[in-house]
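As structure tokens, the structure follows; a few thoughts come after it.
Index from 1, following the sequence. Worth knowing before you read on, the calculation uses all heavy atoms, side chains too, and leaves out hydrogens, waters and symmetry mates. When a ligand or atom number is given, it counts from 1 through the structure's own listing order.
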Amino acid sequence: MSYQKEYFEAVREAQSNAYAPYSHFKVGAYLRTKDGRSYYGANVENAAYPMAICAERSSLVAAISDGYRPGDFESITITVDAEEPSSPCGACRQVLKELCDDDMPVYMTNQEGKMIEMTVAELLPLGFSGKDLNE
Ligand code: THU
């Protein structure tokens, strides 16, 4: 299904749970499964700064922990408070590549509702995957 207004409302709600006392940069993620379930994610920071967990991975880890498997996901919507929507970091792109279809849409938004859509493969061209491990 294509981008819906309800995705934006949901991702903004997810963002409100961000724990970002160090960067003050709150990120929300709203992951939808192909069978219609939803998982919220938010960034969770730590006084040991590199331990921060991004919103995108939070939502994916929650869904996988609940029993969903690679290929079960329909879309992910991300939101930030910034002039422009920001895109997933490199680590999140690799995890998206592992768990999501190459053509799965990633909807990147900001607080004004501006939205940029790209697929997982567009965000990580020539990405490394399990296929590369087969000889
Ligand atoms: N962050 C995310 O949650 N997702 C991204 O893709 C980029 C960065 C978080 C990590 C950290 O808590 C804060 O944003 C600033 O980097």
Going by atom types alone, do Arg93 and Ser87 pair a side-chain donor with an acceptor below 3.5 Å?
yes
Over 60° means perpendicular and under 30° means parallel, so classify the ring planes of Tyr3 and Tyr107, tilted if in between.
tilted
Give me each pair satisfying ring-ring contact (aromatic ring centres under 6.0 Å, His included) with a member in residues 69-94, each pair once, sequence neighbours excluded.
none
Sequence neighbours excluded - side chain to side chain donor-acceptor pair (under 3.5 Å) pairs with any residue from residues 41-53:
Ser23-Glu45
List of N/O pairs, ligand 1 versus protein, all under 3.5 Å?
unit_1: ligand 1; atom_1: 3 (O); unit_2: Ala55; atom_2: N; d: 2.9
unit_1: ligand 1; atom_1: 4 (N); unit_2: Glu56; atom_2: OE1; d: 2.8
unit_1: ligand 1; atom_1: 6 (O); unit_2: Glu56; atom_2: OE1; d: 3.4
unit_1: ligand 1; atom_1: 6 (O); unit_2: Glu56; atom_2: OE2; d: 2.8
unit_1: ligand 1; atom_1: 6 (O); unit_2: Cys89; atom_2: N; d: 3.0
unit_1: ligand 1; atom_1: 12 (O); unit_2: Asn43; atom_2: ND2; d: 2.9
unit_1: ligand 1; atom_1: 12 (O); unit_2: Glu45; atom_2: OE2; d: 2.5

Supply the atom-to-atom distance Tyr7 OH to Ile78 CD1, rounded to the nearest 0.5 angstrom.
14.0 Å
With sequence neighbours excluded, give me every salt bridge (Lys or Arg N to Asp or Glu O under 4.0 Å) pair touching residues 62-72.
Arg37-Asp66
